[in-house]
Amino acid sequence: MSAQPVVVVLGSQWGDEGKGKIVDMLAEKYDIVARCAGGNNAGHTIVVGDKTFKFHLLPSGMVHENTSCIIGNGVVIHLPSFFEEIDALEKQGISTSGRIFVSDRAHLVMDYHRVVDGLRELERSNSGGKQLGTTKRGIGPTYSSKANRSGLRVCDLYDWERFEELLEKGFESKQKRWGEVSYDLAEDKQKYKAIADRLQPYVVNSTLFLQKALAAGKSVMVEGANALMLDIDFGTYPYVTSSNCSIGGALTGLGLQPRHIGDVIGVVKAYTTRVGEGPFPTECHDAVGEHLGTVGHEFGTTTGRGRRCGWLDLFVVKYSTMINGYSALNLTKLDVLTGLPEIKIGIAYKLNGEEIETMPPSLRQLGACEVVYETMPGWNEDITACKSLEQLPEAARNYVKRIEEVVGVPVKYIGVGPDRNATINL
């Protein structure tokens, strides 16, 4: 692994790859774990013995008592949800005092953003189009306010006159666009006045915080949210999230310098899933898809929605690698494939009968693509107790090897079960 002080963990598919588990496993080696993008639309589940921790906004590194965590300027934060997570962790025995910090430049998700998120989805549906399948957590509308330069930031809470002015203007603009919006402005003012007092000890200049830490020789792990195929620039637009969840977001969402970044770990689920609408070339509408969804417990941490399931798409992973520059891969949930007599891998796309070099930008083109598959033998052996590559069945070893060959990046970690210790370190 690189000697550089910052490692970045990113999703390589459509999210839900199991990023939280690898972050949890490696976090004890790092002084700081940082979130750089997204909001509480993301969800990571960590299993530690008989305890299950569900993270939506807080970095997964909170499980480790000696690790500090920070929510960067690129994250949009719904403060009531932030404190709900903190209170839930405290009830589970995790001390959060003096360990979690929030950027003073992070934008705030207000409740009217959440209302508007639902109204936008309804409008898309009523106008004859497809809903995007958002989590309705207000993430997109908050990033819209940010881009429109009409958003509220954490720092505004400490200039109360300005905060009230921005809140009123923001609400008025939503009313002009959507009519009567179900939102109590006076109640929210009162609520955020109290929240501002509770939040103040957590607020820092995140860029200065991280730069000072790096100058002092500390190490940082950046925990990506969502994944490359949901990136607003490089994903299957418009069926994407509203932020840059690629390597660029790790820099702009935290104020990091590129020279500090060493390893970039791409998290790859051993098959493919996605939540909500949008193209999914290797999706399986058969017994295979049912097996993957049932055995893999494919339900969203944040929404509880069932995920769509299909074969591993290495054309997607190669595209993701081209952009994010992975130095190593974390292959997750290999155990879910146990029991399938044969396993298919998507290795290329054809458009009009010709193989194409990379992911097309147009959804019409993508929808016309034909997936080129390779078929490999499956295995029936239970692999959840395997501690080394050699202990895996030959068919599973060959599957891992083929992934490395096609993507051109070594597999460093293999997940063989949900527990934090059920990982093979190569």
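Please read all numbers here as calculations on a predicted model, not as lab measurements.
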Using a 6.0 Å distance limit plus a 45 degree cone around the ring axis, check whether Lys174 lies over the aromatic ring of Tyr112.
no

For the residue pair Ser320 and Tyr326, confirm or rule out a side-chain donor-acceptor distance under 3.5 Å.
yes

Can you tell me if Ser12 uses its side chain to pair, donor with acceptor, with the backbone of Val267 under 3.5 Å?
yes

Is the shortest distance from a Lys or Arg side-chain nitrogen in Asp16 or Arg274 to a carboxylate oxygen in the other one below 4.0 Å?
no

Side chain proximity check, Ile356 to Phe315, heavy atoms < 4.5 angstrom
yes

Judged by atom type as modelled, is there a donor-acceptor pair below 3.5 Å linking the side chain of Glu290 to the main-chain atoms of Cys284?
no

Is it the case that the side chain of Ser145 and the backbone of Pro141 share a donor-acceptor pair, with hydrogens and angles ignored and the cut-off at 3.5 Å?
yes

Whether over 12 other heavy atoms sit under 6.0 Å from Glu65 CD
no

Atom of His260, atom of Gln4 and distance for their closest heavy-atom approach
O-CB, 3.5 Å

Single hit among Thr384, Asp382, Val295 for side-chain contact (heavy atoms from CB on, under 4.5 Å) with Asp335
Thr384

Cys69 backbone acceptor or donor facing Arg99 side chain under 3.5 Å:
no

Intermediate values then yes/no, side-chain contact (heavy atoms from CB on, under 4.5 Å), Val9 and Val222:
CA-CA 6 Å; Val9 177; Val222 179; over 6 Å; no

Taking everything shown except Glu357 itself, do over 12 heavy atoms lie less than 6.0 Å from its CD?
no

So CD1 of Ile86 and CE of Met62: to nearest 0.5 Å the spacing works out to 6.5 Å

Going by heavy atoms in the side chains, are Asn244 and Asp233 under 4.5 Å from each other?
yes

Under a 4.0 Å N-O cut-off, is there an ion pair linking Glu374 with Arg402?
yes

Using 30° and 60° as the class boundaries, would you call the ring planes of Tyr202 and Phe83 parallel, tilted or perpendicular?
perpendicular

Mark yes or no for whether Asn425, through its side chain, and Tyr413, through its backbone, hold a donor-acceptor pair below 3.5 Å.
no

Looking only at side chains, do Ser327 and Asp263 share a donor and an acceptor under 3.5 Å apart?
yes

Is there a donor in the side chain of Thr67 and an acceptor in the side chain of Glu28, or the other way round, less than 3.5 Å apart?
no

Report the residue from Tyr373, Tyr271, Tyr349, Tyr319 that forms a side-chain hydrogen bond (donor to acceptor under 3.5 Å, both in side chains) with Asp313.
Tyr349

Other residues, nucleotides, ligands: >12 heavy atoms within 6.0 Å of Lys169 NZ:
no

Looking at every heavy atom in both Leu331 and Ala270, which two are closest together, and how far apart are they?
CD1-CA, 3.8 Å

Here the gap from Gln365 atom CD to Asn352 atom CG, rounded to the nearest 0.5 Å, amounts to 8.5 Å

Between Glu283 and Arg308 (salt bridge meaning N to carboxylate O under 4.0 Å), is one present in this structure?
yes

Between the CG atom in Leu337 and the OH atom in Tyr399, the distance rounded to the nearest 0.5 Å is 5.0 Å

Please report the shortest heavy-atom distance between Ala225 and Cys245, naming the atom on each side.
O-CB, 3.1 Å

Rounded to the nearest 0.5 Å, the CG atom of Leu210 sits from the CZ atom of Phe101 at a distance of 11.0 Å

How far apart are the C-alpha atoms of Val203 and Leu157, what are their side-chain angles, what is the distance that settles it, and do they pass the side-chain contact (heavy atoms from CB on, under 4.5 Å) test?
CA-CA 11 Å; Val203 178; Leu157 286 166; over 6 Å; no

Is the side chain of Lys21 donor-acceptor paired with the backbone N or O of Ala422 at a distance under 3.5 Å, no angle test?
yes

Where the side chain of Arg35 meets the backbone of Leu57, is there a donor-acceptor pair that is under 3.5 Å apart?
yes

Any donor-acceptor pair under 3.5 Å linking the side-chain atoms of Thr338 with those of Glu381?
no

Shortest non-hydrogen contact between Gly151 and Asp156, atoms and distance
O-OD2, 4.2 Å

Treating Thr272 as the side-chain partner and Trp311 as the backbone partner, does any N or O pair qualify as donor plus acceptor under 3.5 Å?
yes

Check the pair Leu314 / Ile403 against side-chain contact (heavy atoms from CB on, under 4.5 Å), numbers first and verdict last.
CA-CA 7 Å; Leu314 290 184; Ile403 291 170; 4.2 Å; yes

Roughly how far apart are Cys386 SG and Leu334 CG, rounded to 0.5 Å?
9.0 Å

Take Met322 and Lys318 through the side-chain contact (heavy atoms from CB on, under 4.5 Å) test and state the conclusion after the steps.
CA-CA 6 Å; Met322 178 178 70; Lys318 284 194 295 181; over 6 Å; no

Flag the pair Phe55 / Leu89 as yes when at least one side-chain heavy-atom distance between them is below 4.5 Å, and no otherwise.
yes

Closest non-hydrogen atoms of Trp14 and Ala227, given as atom of the first, atom of the second and distance, are C-CB, 3.9 Å

Got a donor-acceptor contact below 3.5 angstrom from the Ser243 side chain to the Ala37 backbone?
no

Flag for Arg114-His78: side-chain donor and acceptor within less than 3.5 Å:
yes

Please confirm whether the backbone N or O of His107 pairs with a side-chain atom of Arg105, one donor and one acceptor, at under 3.5 Å?
no

Residue pair Val8 / Ala250: nearest heavy atoms and the distance that separates them
CG1-CB, 4.1 Å

Gap separating the CD1 atom of Ile94 from the NZ atom of Lys51, nearest 0.5 angstrom:
6.5 Å

Do the side chains of Glu298 and Lys269 get close enough for a salt bridge, i.e. N-O under 4.0 angstrom?
yes

Any side-chain heavy-atom pair of Gln257 and Gln211 under 4.5 Å
yes

Between Val264 and Ile247, is there a side-chain heavy-atom distance shorter than 4.5 Å?
yes

